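Residue numbers start from 1 in every chain, and the chains themselves are labelled A, B, ... in the order their sequence lines are given, proteins ahead of strands. Bear in mind the structure is a predicted one, so any value in this text is a computation, not a measurement.
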2 protein chains.
Amino acid sequence: MGIVERKEREREEMRKLILEAAQKLFLANGYEKVSIRNIADEIEYSPATIYLYYKDKNELFFALHQAAFTKLIQEFAPIAQIENPFDKLVEMGRLYLKFAVANPELYDLMFIMTAPIDTLDCRNDVWEDGHHAFLVLQNVVQACIDMGLLKHNDAEQASLMIWSMVHGIVALFLRRRLSMFGDDRVIPLMEESFLLFIKTLETGL
Amino acid sequence: MGIVERKEREREEMRKLILEAAQKLFLANGYEKVSIRNIADEIEYSPATIYLYYKDKNELFFALHQAAFTKLIQEFAPIAQIENPFDKLVEMGRLYLKFAVANPELYDLMFIMTAPIDTLDCRNDVWEDGHHAFLVLQNVVQACIDMGLLKHNDAEQASLMIWSMVHGIVALFLRRRLSMFGDDRVIPLMEESFLLFIKTLETGL
DNA sequence: CAAACTTACTGAACAGTGTTTAGCAAACAA
DNA sequence: TTGTTTGCTAAACACTGTTCAGTAAGTTTG
């Protein structure tokens, strides 16, 4: 009686098929131009079918947002090799920036768009992916404090400040609020601002 | 022959009527639920009429975004009284944060939504409102440098770093990425993070 | 004043959106 | 071979932004 197991498996495959089609269209055209009908066309099913596997578009976006988090975490793997926690912190920031610039749509989905978060809100769920990622940062900051590399002793506060700065520059860039600096200067300026921030952590501005 | 003048005046009044109706609905229901038809209903005109005064929805959003900037600048007026440029900088940050928390939809329109910026892009225009606001910050930072209150000597870089941090915390909050801290802790945490940032500017983290 | 022209506005349509539902055919269980 | 469940879809609903032909009023001209 392996039928229910097979059904379960088929169901998961269908969810994956939808998700990957959505991801493909999403990365190719940007999230604004991805409609349920587009995705349905892509996988050669009716639009209504998608609703048998995902409650609504927000839930689909939430699943995409989760996939983006696993990608970010993968790209963070190399930092485990770094001994010094402050160097680790700096490299985390650099990789975070790099990820955002290389995957603007994914970053948007993870940290700017409200769509994925809306499903959490209406399910009274917590944002586990985000919380987990924040705790990774907080642990590194705590390690810095423990080794006397940072004098401020509240790791949570310090982590929020650091995340805010890095997110800030990325968010301004992705939502085209740095256009006044000119297209050719923006990316270098972002990097310089990040480096200046690191220097400021060490010795003040 | 004051007819063309009167017509011009009536045109401006109509633009204002549309803008204020849009603003009202916008602040009451959030931008996602404001449609051209809603606005048309509000002012008791046909939806098509709105297109005689604004090219498209983005242009209307751009006009709203401009109005929000004049509001922000108004709220920044008191900082002119402050002598010490570093105190000025701190107060600017505080007012910026306050504005964002008090007017989340306006802040979103100014610094997060892409809609208003899209009209600039397709007109090959520059973001004057944003650039002007940034220069206000940059001037204060430059004054700090000139008085030896900040040691880093590139005011543009330093300003971008400061703006990024403050925008970052606001953007994370407005897009509900700080939910893990609990509704009651978020606002205090934001303020603490900001104060920690100021302290970091002075002496490092 | 009447005719010609201009302007301001609108009803209706177009092409799209997310989402729901009734119904149908195939797969399964009895 | 029945009866039941499952997977899927066509069609519709209620929206969205936007365009355009047509109308009625305002304005200018003869």
Given atom CD of A/E44 and atom P of D/dA10, what is their separation to the nearest angstrom? 13 Å
Run the side-chain donor-acceptor check on residues 178-185 of chain B: report pairs under 3.5 Å with partners two or more places apart or on a different chain.
| residue | atom | partner | partner atom | Å |
| --- | --- | --- | --- | --- |
| B/R185 | NH2 | A/E156 | OE1 | 2.4 |

C/dG18 P sits how many Å from A/F61 CZ, rounded? 8 Å
Distance, rounded to the nearest Å, where B/M14 contributes CE and C/dA8 contributes P: 10 Å
Spacing between A/I50 atom CD1 and C/dT20 atom C1', to the nearest angstrom: 14 Å
Any A/Y53 side-chain nitrogen or oxygen under 4.0 Å from OP1 or OP2 of D/dC8: yes
Sorted by chain and number, sequence neighbours left out, side-chain contact (heavy atoms from CB on, under 4.5 Å) with B/E12 holds for B/E8, B/R15
Taking C-beta and beyond as the side chain, do B/L19 and B/Y53 meet within less than 4.5 Å on heavy atoms? no
Would you tabulate the nitrogen or oxygen pairs shorter than 3.5 Å linking the protein to nucleotides 17-24 of chain D?
| residue | atom | partner | partner atom | Å |
| --- | --- | --- | --- | --- |
| D/dG17 | OP1 | B/I36 | N | 3.2 |
| D/dG17 | OP1 | B/K57 | NZ | 2.9 |
| D/dG17 | OP2 | B/I36 | N | 2.9 |
| D/dG17 | N7 | B/R37 | NH1 | 2.7 |
| D/dG17 | O6 | B/R37 | NH2 | 2.9 |
| D/dT18 | OP2 | B/Y51 | OH | 2.6 |
| D/dT18 | OP2 | B/K57 | N | 2.9 |
| D/dT18 | O5' | B/Y51 | OH | 3.2 |
| D/dT18 | O4 | B/R37 | NH2 | 3.3 |

Distance, rounded to the nearest Å, where B/L52 contributes CG and C/dT6 contributes C1': 14 Å
May I have the distance from A/R9 (atom CZ) to D/dG7 (atom P), rounded to whole angstrom? 14 Å
For B/K98, all residues meeting salt bridge (charged side-chain N to carboxylate O under 4.0 Å, His left out), sequence neighbours excluded: none
Can you sort out the partners of B/N29 under side chain to side chain donor-acceptor pair (under 3.5 Å), two or more places apart, ordered by chain and number? none
With sequence neighbours left out, the residues meeting side chain to side chain donor-acceptor pair (under 3.5 Å) with A/R94 are A/E91
Rounded to the nearest angstrom, tell me the gap between atom CD1 in A/I18 and atom P in D/dC8. 9 Å
For A/T49 and D/dT9, is the shortest distance between a side-chain N/O and OP1 or OP2 below 4.0 Å? yes
Please report the distance, rounded to the nearest Å, between CD in A/E10 and P in C/dA26. 16 Å
